[in-house]
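Below is one structure, written out as C-alpha cells; the observations come after it.
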Amino acid sequence: MRHVVVLSLLCLVRGEVLEADQDTIVPEDWRLVGRVGPLQEVELTFALKQQNVNMIEELLNHLSDPDSQQYGKYLSLEEVASLVRPSKETLKVVQQWLLRHGVHKCHTVVTQDFLQCVMTVQVAEALLPGAKFQRYSKGSQTLLRSATLYSVHEDVFQHLDFVGGVHRFPPKDKNISKGWEGARRAALGYHLGVTPAVIRSRYNLTAKDVGTSGNNSQAVAQFLEQYYHPADLAEFMSLFGGGFTHRSAVERVVGTQGRGKAGIEASLDVEYIMSSGANISTWVFTNPGRHESQEPFLQWMVLLSNMSALPWVHTISYGDDEDSLSEAYMNRINTEFMKAGLRGISMLFASGDSGAGCRHLTKQSNTFRPSFPASSPYVTTVGGTSFKNPFKLSNEVTDYISGGGFSNIFPMPDYQADAVGGYLNNTQSLPPETYFNTSGRAYPDMAALSDNYWVVSNRVPIPWISGTSASTPVVGGILSLINDQRLLKGLPPLGFINPRLYKLKGKGLFDESE
Ligand SMILES: Cc1cc(=O)oc2cc(NC(=O)[C@H](Cc3ccccc3)NC(=O)[C@H](C)NC(=O)[C@H](C)N)ccc12
Ligand SMILES: [Ca+2]
C-alpha cells in the first residue's frame, strides 16, 4: 500500500505531489506524559475537497461590487450548498476509506464537506500511518497529540483538504496582561467612560436611528467558554439605555450557555451591539470546544452554513496568531466566509489588541504577527480609536493597542490595492520591510472607538474596558441599522461590504459634516 505524506510546500518527490499542512513541533512548556492506550478515543475532522471554490470567489466579487449588475443578488443556502458540495467520487472514496477501517461514528453537514468522526487511537493510527498519539501536559491541562508526520493513502489524499485533531498545541499566553493595561489607564486618570449615550452621540445616531423593520437581526459569536448573562444585559440597559428605544434581552441563543461566571468579552459584545444596533433582534452563538486548543471557528462557520435563516450581521471579537493555524484550515474557513458573503451576510472581526504583534524569529530578528480571521480577505476587520481629548466627544485618533498589519498568507485583494498602495507610497518612516508583507491582505478596514468603555458583567458596572472587542460590535450595530433601512425600502442587505467600502474611499465612514 502506498501513501502520500501531507506536507506544506508543493514539491515533487518520485513523481508524487506532496502538500504541506503538518506542524509537529511540541512547545517546550508541554511535557510528554506517555503513550496513549490503543482503545482510548480521539475525534478527528476530515475536510473533504469542495467543488467550485475559485468560482465562488469570483461570484462573491460580483455580488458585493456596487457597480456590478449582480450586486445584492444573493444566493439561498441550498444554492450555495449545491455549488460547493464535494463530488460524488470524493464522497465515495472518503466514506469507503473510513468504513474499511471500521470508522462509522461520524457526523456530517448539509454541504457534506465535513466529517467529524470518533475512533480509537488504534484505528486513527491505522488510518494515518506515521501518527503516534501521546499524552502531553502543561499545568492542569492535558492533550492527546501526535508529534510525528503522518501520511494519507494516495487514493484518498487528493479528496481531502486536511485532517484536524492530530497536531498543534495552544499558543503561549501573551505577556501583556489586561490587568496591567487597566491599571495604567486608570493611573492616567481617565474617568469619563464610553457608554451607549456617548457612542450614539459621537456617531450621530438620533432617536430615530433604531431598528424598525421587524425582519432584521444581528449576532455576536462567543468562544472559549465566554458567556453573557441575561441579568447583566438587563442591568446594563437599565443603567445606560436611557434616551433610545432598545431591547433588554437577547432574542435567541444558539448553543448552550454555560453556568459559570459571565465573561467580559461576551458581556461587552452583547451590550454594545444592542446599543448601536438598538431595537434590533439579537442572537448569540455560543460555541463550545476547541480546534487544536483554540476557537473552533470552522465548526461555527459550518454551523452557520447549515442554517437556512441567519442574522445579516455577525461580529466576532476573537482571533489567533496567523502562524498558529494551518494554511489548509484557514483556507477552509475563508471558503465558509465566502459562502456567507454569497448569502448577503456581513462578517465583522476585531483586529486584535496587540498592535502589529511581534514574533521572535531568532534572537536578533523579529517580525510583526498578523491575527486570523482579522487577516482574511473575505471579512471586514474593525480596528480601534480613542478620543483625541479623552474627556470630550472629540475627534478620534488611532488607539495605540489597535491590531493591524498585513497577512503573511493571503494576498492583497483587488478591492484594497489602491488604498493600501497609496498608504505605502505616501507614508513616511514605515517599519523595515522585513517586518511585514507589503503584498498581503492589509487590515483593519474601518475603525471605531475602542477605549474606556463601561460594561456590566456579573452584575457589576466596570469602567475602563478597552479593545477592538468594543469597537467591533458598535460597528456591527451601525451596519444593522443601515440594513434595517435597506430592508424597509425593499433593498438587499449590505452583505460583504469591503468592495463597496473601498470604492467609497472613506466617504462612507464619516458623516458629511466631518
Ligand atoms: C477584562 C478586559 C479588560 C479590558 O480592558 O479589555 C479586555 C479585552 C478583551 N478582549 C480582547 O482583548 C480580545 C481582542 C482580540 C484579540 C485577538 C483578535 C481579535 C480580538 N479578545 C480576546 O482576547 C478573546 C477573548 N480571546 C481570544 O481571541 C484568544 C486570544 N484567542 C477581554 C477582556 C478585557
Ligand atoms: Ca445619523
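Order of listing sets the numbers, starting from 1, for every ligand and every atom in it.
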What do you reckon, does [X] have a nitrogen or oxygen under 3.5 Å from a nitrogen or oxygen of ligand 1?
X      : answer
Thr468 : no
Ser351 : no
Glu265 : yes
Ser466 : yes
Ile465 : no

Which ligand 1 atoms, with their elements, are less than 4.0 angstrom from a heavy-atom of [X]?
X      : answer
Glu295 : 27 (C), 28 (O), 29 (C), 31 (N)
Trp464 : 5 (O)
Ser371 : 18 (C)

Among Ala470, Ala350, Ser450, whose heavy atom sits nearest atom 19 (C) of ligand 1?
->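 Among Ala470, Ala350, Ser450, the closest heavy atom to atom 19 (C) of ligand 1 belongs to Ala350.
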
The one among Ala374, Gly352, Pro373 that brings a heavy atom closest to atom 15 (C) of ligand 1 |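 Heavy atom nearest to atom 15 (C) of ligand 1 belongs to Gly352.
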
Below 6.0 angstrom between ring centroids: does that apply to Tyr329 and Phe297?
->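 No: the rings miss the under 6.0 Å criterion.
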
Answer yes if the ring centres of Phe236 and Tyr228 are under 6.0 angstrom apart, and no otherwise.
->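 No.
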
Just say parallel, tilted or perpendicular for the rings of [X] and [Y], cut-offs at 30° and 60°.
X      : Y      : result
Tyr502 : Tyr415 : tilted
Phe337 : Phe372 : tilted
Phe496 : Tyr378 : tilted

Taking the six-membered ring of Phe387, is NZ or CZ of Arg202 closer than 6.0 Å to its centre and within 45° of its axis?
->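 Not flagged: Arg202 not positioned over aromatic ring of Phe387.
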
Considering the options Trp283, Phe285, Phe349, which one meets the ring pair (Phe, Tyr, Trp, His ring centres under 6.0 Å) requirement together with His314?
->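 The single option meeting the ring pair (Phe, Tyr, Trp, His ring centres under 6.0 Å) with His314 is Phe285.
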
